[in-house]
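In what follows, a structure is listed as structure tokens, so that the remarks can point back to it.
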Amino acid sequence: MSAPAIVLGVIGADCHSVGNRIMEGFFSGEGFRVVNLGVMVSQLEFVDAAIETDAAAILVSSLYGHGEIDCQGLRDLCIEKGLDRIILYVGGNLVVGKTPAAEVEEKFRAMGFDRVFRPDIDLKEAAALLRSDIEARRAKAS
Amino acid sequence: MSAPAIVLGVIGADCHSVGNRIMEGFFSGEGFRVVNLGVMVSQLEFVDAAIETDAAAILVSSLYGHGEIDCQGLRDLCIEKGLDRIILYVGGNLVVGKTPAAEVEEKFRAMGFDRVFRPDIDLKEAAALLRSDIEARRAKAS
Amino acid sequence: MISNETVDLKEFETIRKEVLETWPTGKGVRIEDGVRYQKRIPEEKRFSTAMKTARDKGRILLQPRAGVALIDEHIKLLRYLETEGEADLLPTTIDAYTRQNRYEEAEKGIERSKAAGSSLLNGFPAVNHGVDGCRRVVDAVVSPIQVRHGTPDARLLAEITLAAGFSSFEGGGISYNIPYTKKVPLEKSIRDWQYVDRLVGIYEDQGVRVNREPFGPLTGTLVPPFISHAIGIIEGLLAFKQGVKSITLGYGQAGNILQDIAAVTSLNELAEEYFKRAGFEDYEFTTVFHQWMGGFPEDEAKAFSVIAWGAVVAAFAKPEKIIVKSPHEAMGIPTKEANAQGLRATRQIVSMLADQRLFDSLTVRREVEIIKREVRCLMDKVYELGSGDIAAGSVAAFQAGVLDVPFAPSIYNLGKVLPMRDNEGFLRIFHKGNLPLDNDVMAYHREKLGERAKAEGREISFQMVTDDIYAVSKGKLIGRPR
Amino acid sequence: MISNETVDLKEFETIRKEVLETWPTGKGVRIEDGVRYQKRIPEEKRFSTAMKTARDKGRILLQPRAGVALIDEHIKLLRYLETEGEADLLPTTIDAYTRQNRYEEAEKGIERSKAAGSSLLNGFPAVNHGVDGCRRVVDAVVSPIQVRHGTPDARLLAEITLAAGFSSFEGGGISYNIPYTKKVPLEKSIRDWQYVDRLVGIYEDQGVRVNREPFGPLTGTLVPPFISHAIGIIEGLLAFKQGVKSITLGYGQAGNILQDIAAVTSLNELAEEYFKRAGFEDYEFTTVFHQWMGGFPEDEAKAFSVIAWGAVVAAFAKPEKIIVKSPHEAMGIPTKEANAQGLRATRQIVSMLADQRLFDSLTVRREVEIIKREVRCLMDKVYELGSGDIAAGSVAAFQAGVLDVPFAPSIYNLGKVLPMRDNEGFLRIFHKGNLPLDNDVMAYHREKLGERAKAEGREISFQMVTDDIYAVSKGKLIGRPR
Ligand code: B12
Ligand code: B12
């Protein structure tokens, strides 16, 4: 089976590029086909890139606090554009201010994200989850 | 009116001498007749010294955390020994562990102390209160 | 082509009309009105005065970052930082939509924040609040107050906030573009900042001094001093050309105390040298030290120590100002309480250390000389590329990678330079990319990195850079193998 | 008359019987049993080994203070400090009744704590809990564990805790008398500590090494390095004479980084010198640095900075161990959470600074030499007063004020010496009392204090001492006039 493509990017007007660089290097090293859109990516750019590259997942980053505003509607847009089975991950400093992780997770799950990550997530762990989530979807699909 | 005598000391098995030294210097400078018993003073020593010097007030210090155990019964002992009108102050780190000031105050007031002071008390303030408390008692007495 | 010329007043007026049109609150902003308002501000509340006094008296002033969506909440926040935080200088940190001139989204953020009862914006949307809203803020506080942001095109923001009485304005055409944006051409941002500086110059001409502060730390991530120094000096030169008279150059803590002291020392010496050489005389120059600008540890106790270490280094390096972090740094915009904690922790260090001196040091002096060499390598080339014009030279230099900011998001940044820590935690250059560093300078960097490779028993590699990026948040300075 | 002789075994046995009689838990304590128990303890859990390894590898170990009334709660506390606090070494801090051998009051404290559901004692009453209770504690943790207290007569405490497997025991005949008591004759406490050291020597003879740590900071309040150094060295000499082989001398942070580095350096150099000169060769010597031991600021953010500053100084001074404070210090015995915060804050600093070096310094060297001069002035006189016997000499020295601890409560301490900070925060001598300091040394102190008086525009006075005592808790190091 070919390496699954994943789309990376930092959503909205967010310029935090350091984590994104590291994620690109890391997920490439883990054998994913990484399509990195860099910082300041709009919802539409994410979805278009996923369609274009037949991506299995979109990994959205948001560090600067506007994640709550920027991420709303992404799941709908995916569905609207025919990506009805794509995996959506989101991670970073997702809301304004120090907030209990559970609260943040609930908020973003409700928005349609499959998994929600804190900034101190060990990327190895995220990669393992991603692999198994992709497996699971493929299994269901076939 | 002659300078009122006050008895100072650190109660129980408490060795913290620094604050006590400063208090001695300070209250002397403020015009009180200071009888300083130093550290590791028993309840009986406090009361005897107060009787002997006809003191208007006893200023008990407790820093080391055992204040709660050490101070219990001091008021009764005063009364028992005939000191039924003496002013009792207590100050320092009165209980074990960081505790809300109000809680500490209540506890020691219930034990019969007239005023309860936190360790960051400005001694000037304490002296002013002491003077007015002494006045008030004298006024009542006459 | 861009050039380092004072913007012609006529041209300024033409552009100005357009700028004020870009959002309703821009309409009717009048400089004369701003000047009048600024002149009513008492001397102790003037930013430039506070900075100059600090320099004259050898004092270190403390300033937090802070901004929320709504005016009343913002005022509450700032007052709290003045009283409970004992801040000497106040900020108004602008939200990220405003920084991108996305005023409609900022408006949405204001509405949603009102509904949510808490700020959903990561800063204060000053443009949307307009001159009157901003004046409410300026009037409500007693300390000098500054606009802090990250806006490549800050023309409208400057028009509104200067008219409202803010007496200092952070940013610059390079430092608010390269680390903060993806697709804004450098030429455009430099031009837009010439406008801002010209505006400040116009206030100056009318007797109102506004302090300007290029953003020193850039990406905040392993930026070697010489890179940020070169950019800071360029932005200073650009600002002076437009009539700015009070400038504060910044530096973000790198982590090794000796390198950081050397950095502040060399920044002082170099800036004066380049400013004087370019013919400027009549200016007020000060420095600002930023506590650790990279990733923080999540644990608050550990974060306090990162804050304190920054304060310690600053206490010895003696800048005029420290920008203070909070124990919430790794997690999110700090509450006012956390922000005040950062200030009080910093205050404790700065005043405990106020009278302590570190002795003269050969190592510090050696590093000062190296930083100076490196900055000269860059500056010579920038001047050369611009045929003597620093504005044109800067654009060309970024294109050529002669100026290159590590980890920056901008497509106008070459992104080839890779920094790395040596065995004592000094930032050195691993890949120089196209930086015009002399061979002997690079040999020094390589020698120092070699010491680390040897100590760690591994080859110099990109993994070390990644490890260095994570190090402080994991409780170390150097990203050693586990 | 007391003398520095190894306690005769017969005599030891006689005293021992009496000691074990003083509280029921003493009955049946057997050294052979203790030795057997100690030998089962794995090497990594042996205190002396950890200290020696730290010295060999240049590492700094972190240790908190902690103790509560009840065994299970105490175990929970220590485990928390190991896991959440990442402590390298564990304490068991003894309550103040036990320290005064008031075991009945301690018993009452235990009962009341059980009833209250929280500790009403300021430490762990190890004697009351007896050998079995103490073993539960030792067995429950994975790190080396030490008894920390302040007990002038610690004979029973030592018998019980060493038999229970504790592998280090803090204290000494001077350092646990003068700052901790009012009326205990020095001769008595020194003799009682000869007993403790002899007990450690007996364990040593049977192949069990127990680390000993005289209490360096004394009153924790403006104690100039030379005073605590002299006392530490004397206690080391006394301990060695009884057969102790592993000793850790302590120093409490004074506040100025250069003086503190000089203090640790001179402590190392002086101790080795005096130990060797007295004919001891086969010992393990290490040092411990105490974070600020004087009054703390109440505000936790500020307290964090006092903790961090101590950690910074230690990171450069490089002792083998740091005793760590908590952000609750000014308020009360810390919760386990606050205690772990102090540890993590310290860890962050120590590891961020692990690879940083401060350069050689003339100032540090100058201070090292001064401290050495001062210590020699004192030690010469102590030997002289004891006609070569350091035990007799110490008793005589305290009587004469040749040794004199500032602000100590003991009536056997002359209490004439008054320390004061100079203009850079170094501790100097204002009134020397009867300290046998040479004239040129005192001239130096006076010169330095003169600089401060001049800077502050006031005469040197007792008010300055008071101001200095309060300074750190009020956010300063030097008590300047407001
Ligand atoms: C460096 C930095 C900057 C630099 C960025 C330079 C650059 N171009 O990258 C500068 C100084 C320019 C900057 C600017 C701003 N910043 Co900033 N910045 C930081 C800082 C200190 C470090 C970020 C970093 O590089 N970390 C290191 C990398 C490796 O970690 P990371 O970014 O967290 O990414 C990792 C994880 O989050 C995770 N991850 C991220 N996304 C995803 C997605 C998935 C699916 C998974 C599995 C994992 C994952 O994996 C990544 C790799 O390990 C953080 C605070 C902190 N973390 O300590 C603040 C922080 C992110 N910034 C913040 C803010 C608010 C801003 C500003 C708005 C200014 C302001 N108001 O203070 C502007 C933003 C402007 C804009 N348009 O975006 C806030 C965000 C607040 C919030 N969420 O509540 C933070 C948290 C600071 C704070 N506490 O206030 N910043
Ligand atoms: C220095 C010090 C020591 C020195 C004391 C040397 C000496 N002989 O004086 C040494 C190292 C020996 C020591 C020992 C111990 N200490 Co101690 N010590 C301190 C410390 C750091 C400073 C005390 C000090 O000198 N402050 C400066 C003076 C000027 O202030 P002060 O003492 O608070 O006094 C002022 C006020 O309290 C007030 N005041 C006091 N009494 C009164 C009374 C009245 C009426 C008024 C109006 C005002 C007033 O006015 C004074 C002058 O301004 C404090 C923590 C702190 N404050 O930062 C802990 C502290 C007091 N110690 C503490 C403890 C527990 C101990 C020990 C039991 C050891 C241990 N388990 O850690 C032993 C005690 C043994 C014994 N038998 O007493 C605890 C008490 C805990 C609690 N209450 O919950 C504290 C709070 C530290 C802590 N957080 O754990 N200590």
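For the numbers below, each heavy atom of this structure counts, side chains included, while hydrogens, waters and symmetry mates do not. Numbered from 1 within each chain, the chains take letters A, B, ... in sequence-line order.
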- What residues of residues 313-332 of chain D sit under 4.5 Å from chain C when only non-hydrogen atoms are counted?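 Within residues 313-332 of chain D, the residues that come under 4.5 Å of chain C (heavy atoms only) are D:F316.
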- Pull out the residues in residues 468-481 of chain D that come under 4.5 Å of chain C, heavy atom to heavy atom, sorted by number.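 Listed by number: D:V472, D:G475, D:K476, D:L477, D:I478, D:R480.
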- Task: For C:E369, enumerate each residue passing the side chain to side chain contact (heavy atoms under 4.5 Å, CB included) test, keeping only those at least two apart in sequence or located in another chain.
- Result: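 C:R365, C:K372.
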- Message: Test of understanding: with side chain to side chain contact (heavy atoms under 4.5 Å, CB included), list the residues that count as partners of D:K336, not counting sequence neighbours.
- Response: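 So D:K336 forms a side chain to side chain contact (heavy atoms under 4.5 Å, CB included) with D:L77, D:Y80.
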To the nearest 0.5 angstrom, please state how far the [atom1] atom of [X] sits from the [atom2] atom of [Y].
{"X": "C:E269", "Y": "C:T265", "atom1": "CD", "atom2": "OG1", "answer": "6.5 Å"}
{"X": "C:I349", "Y": "C:Q291", "atom1": "CD1", "atom2": "CD", "answer": "9.5 Å"}
{"X": "D:S461", "Y": "D:F430", "atom1": "OG", "atom2": "CZ", "answer": "6.5 Å"}
{"X": "C:L61", "Y": "C:Q63", "atom1": "CG", "atom2": "CD", "answer": "9.0 Å"}
{"X": "C:E447", "Y": "C:R452", "atom1": "CD", "atom2": "CZ", "answer": "16.0 Å"}

- Enclosure of C:R55 CZ (heavy-atom neighbours >12, cutoff 6.0 Å):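 Yes, CZ of C:R55 has more than 12 neighbouring heavy atoms, counting only those of other groups under 6.0 Å.
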- So, does D:W292 use its side chain to make a donor-acceptor pair with the main chain of D:G252 at under 3.5 Å?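 Side chain of D:W292 to backbone of D:G252: no pair is present.
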- Message: When you measure from the side chain of D:S266 to the backbone of D:V368, do you find a donor-acceptor pair of N or O atoms at a distance under 3.5 Å?
- Response: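 A pair under 3.5 Å: no.
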Chain D heavy atoms under 4.5 Å from [X]: which part of the residue, side chain, backbone, both or neither?
{"X": "C:E86", "value": "side chain"}
{"X": "C:N423", "value": "backbone"}
{"X": "C:L353", "value": "side chain"}

- Query: Without hydrogens or angle criteria, can the side chains of D:Y444 and D:R373 be said to hold a donor-acceptor pair below 3.5 Å?
  - Reply: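 No donor-acceptor contact under 3.5 Å links the two side chains.
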- In terms of heavy-atom pairs under 4.5 Å with chain D, which of C:K302, C:Q341, C:R347 leads?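 Highest number of heavy-atom pairs under 4.5 Å: C:K302.
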- Query: For D:V306, is it the side chain, the backbone, both, or neither that has a heavy atom closer than 4.5 Å to a heavy atom of chain C?
  - Reply: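 Contact with chain C involves both backbone and side-chain atoms of D:V306.
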- Closest non-hydrogen atom pair between D:T221 and D:P406, with its separation: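 Closest approach of D:T221 to D:P406: O-CB, 4.3 Å.
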